[in-house]
*Asks:* 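For reference, the structure I am asking about is given below.
Both ligands and their constituent atoms are indexed starting at 1 by order of listing.
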Amino acid sequence: MTNALYIDCCIRGEQSRTKQLAEAFLTAYGARESIQIERLTLMDEPIVPLQNGFFWQREKLLEHGELDHPRFRYAHQFQQAERIIIAAPFWDLNFPALLKIYIENVNVQGITFDCNEQNGCFGVCRAEKILFLTTRGGLMEGSAMDNGTKYLGDMAKFFGIARFEYIAADGLDLGLEPVEMILGRAFAHALETAKTF
Ligand SMILES: Cc1cc2nc3c(=O)[nH]c(=O)nc-3n(C[C@H](O)[C@H](O)[C@H](O)COP(=O)(O)O)c2cc1C
């Protein structure tokens, strides 16, 4: 059995095209006998940024090696997953801030990464692959302004996760092509990926 973690940051919920793309992938992926999917809907979680007392509590817990504190549950869950799927739309040349706040909470020394004198810092996550599913209003494929995909690829490396893949439906708000046509291509790509991911 392969344990996959699905991280849903599709803020517009049922109206979200990214969510539609993710659900198409998850239906095909979850139909595989050997795959078990755990869902984490960020919009339903009490996730807050590192600031004030919440920041200092973290420093204190890390200093005392108290890594089993409930606030680190997201980091443990992320570290243990064998596959990770993230779905988020393209917002303001990046992904929504909620996903960054989640990453802040997951990035914990001693859980998802470690450091030593010999190797510097290195990821210790179990997953072999991360898949990022996104939809974008403009044509961002290959653009240096697509900060979200680049950042998540860098974080995958940081977490020690060897492969980072993404599927993007581009240009949904430009009116150059029917939305159904653009999404159809992304769905086909997602269904193909679900066979081997
Ligand atoms: C708050 C917000 C910011 C956005 N910023 C951008 C942007 O910087 N560039 C872009 O191409 N599209 C941008 N868009 C358009 C979305 O990327 C596009 O509509 C996407 O398909 C939305 O995904 P969703 O249907 O899953 O919510 C933005 C949309 C919203 C709501």
Side-chain angles (χ1 to χ4, degrees), residues 4-31 35 37-51 74 77-78 81 83-107 127 129-159 161 163-195 197:
L5 173 63
Y6 169 54
I7 301 155
D8 178 358
C9 187
C10 299
I11 310 246
R12 295 199 308 129
E14 294 311 313
Q15 292 184 43
S16 163
R17 285 90 60 104
T18 314
K19 187 175 169 72
Q20 287 172 34
L21 175 61
E23 293 300 334
F25 172 82
L26 292 169
T27 302
Y29 188 52
I35 306 292
I37 302 170
E38 186 178 1
R39 286 172 175 259
L40 180 69
T41 304
L42 298 187
M43 292 72 76
D44 296 342
E45 296 294 323
I47 299 176
V48 292
L50 297 180
Q51 61 179 356
Y74 299 115
Q77 181 187 45
F78 189 92
R83 296 283 186 280
I84 294 168
I85 301 119
I86 302 174
F90 190 63
W91 276 16
D92 306 332
L93 307 181
N94 211 317
F95 46 69
L98 180 59
L99 180 55
K100 178 64 173 70
I101 292 171
Y102 168 75
I103 292 169
E104 268 184 13
N105 279 271
V106 153
N107 213 359
K129 302 179 193 179
I130 290 190
L131 175 66
F132 177 45
L133 299 159
T134 191
T135 70
R136 311 187 279 219
L139 296 171
M140 303 307 300
E141 187 59 43
S143 165
M145 288 201 278
D146 176 10
N147 299 290
T149 311
K150 178 179 182 320
Y151 175 76
L152 288 177
D154 289 344
M155 284 313 300
K157 278 188 206 133
F158 183 77
F159 287 132
I161 299 171
R163 277 181 60 185
F164 173 78
E165 299 174 24
Y166 72 93
I167 299 173
D170 249 358
L172 285 177
D173 298 335
L174 295 179
L176 299 173
E177 250 189 307
V179 164
E180 298 71 36
M181 205 178 269
I182 302 171
L183 281 179
R185 282 197 299 271
F187 280 30
H189 189 177
L191 297 188
E192 249 338 276
T193 303
K195 291 179 191 166
F197 183 71

*Asks:* Give yes if a backbone or side-chain nitrogen or oxygen of L93 is under 3.5 Å from a nitrogen or oxygen of ligand 1, and no if not.
*Replies:* yes
*Asks:* Calculate, to the nearest 0.5 Å, the distance between atoms CG and CZ belonging to L21 and F187 respectively.
*Replies:*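 The CG atom of L21 sits 6.0 Å away from the CZ atom of F187.
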*Asks:* Consider every N or O of K19 and every N or O of ligand 1, then say whether any pair is closer than 3.5 Å.
*Replies:* no
*Asks:* With atoms numbered from 1 as shown, which atoms in ligand 1 lie under 4.0 angstrom from a non-hydrogen atom of L172?
*Replies:*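 Near L172, the atoms of ligand 1 are 21 (O).
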*Asks:* Under 3.5 Å, is there a donor-acceptor pair between the Y102 and E45 side chains?
*Replies:* no
*Asks:* Find out whether L131 and Y29 are in side-chain contact, i.e. whether some heavy atom of one side chain is under 4.5 Å from a heavy atom of the other.
*Replies:* no
*Asks:* Going by distance only, is there an N or O of W91 that falls short of 3.5 Å from an N or O of ligand 1?
*Replies:*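 Among all N and O atoms of W91, none is under 3.5 Å from an N or O of ligand 1.
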*Asks:* Are more than 12 heavy atoms, taken from residues, nucleotides or ligands other than M43, located less than 6.0 Å from that residue's CE atom?
*Replies:* yes
*Asks:* Hey, could you give me the CD1/NZ distance between I130 and K157, rounded to the nearest 0.5 Å?
*Replies:* 11.5 Å
*Asks:* Just jot down the ligand 1 atoms closer than 4.0 angstrom to any heavy atom of D173, in number order.
*Replies:* 15 (C), 16 (C), 18 (C), 19 (O)
*Asks:* In terms of atom number and element, which parts of ligand 1 are under 4.0 angstrom from non-hydrogen atoms of T18?
*Replies:* 23 (O), 24 (P), 26 (O)
*Asks:* Which one holds for D92 and ligand 1: side chain close, backbone close, both close, or neither close, with close meaning a heavy atom under 4.0 Å?
*Replies:*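 It is both parts that get close, each with some atom under 4.0 Å.
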*Asks:* As an exercise, identify every atom of ligand 1 less than 4.0 angstrom from a heavy atom of R12.
*Replies:* 24 (P), 25 (O), 27 (O)
*Asks:* Please say whether G137 places an N or O atom under 3.5 Å from an N or O atom belonging to ligand 1.
*Replies:* yes
*Asks:* What's the shortest distance from atom 28 (C) of ligand 1 to any protein heavy atom, and which residue and atom give it?
*Replies:* F90 O, 3.5 Å
*Asks:* Whether the side chain of N147 engages the backbone of N94 through a donor-acceptor N/O pair (distance < 3.5 Å, no angle test) should be reported.
*Replies:* no
*Asks:* Look at atom 11 (O) of ligand 1 and say which protein heavy atom is nearest, naming residue and atom and giving the distance to 0.1 Å.
*Replies:*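 Here the closest protein heavy atom is G138 N, 2.7 Å.
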*Asks:* Could you tell me the residue and atom name of the protein heavy atom closest to atom 20 (C) of ligand 1, and the distance to it rounded to 0.1 Å?
*Replies:* T135 OG1, 3.3 Å
*Asks:* Would you compute the distance between atom CG of L26 and atom NZ of K19 and round it to the nearest 0.5 angstrom?
*Replies:*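 Rounded to the nearest 0.5 Å, the CG-NZ separation comes out at 9.0 Å.
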*Asks:* With ring centroids as reference points, do F78 and F159 lie under 6.0 angstrom apart?
*Replies:*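 Yes; F159 has its ring centre under 6.0 Å from that of F78.
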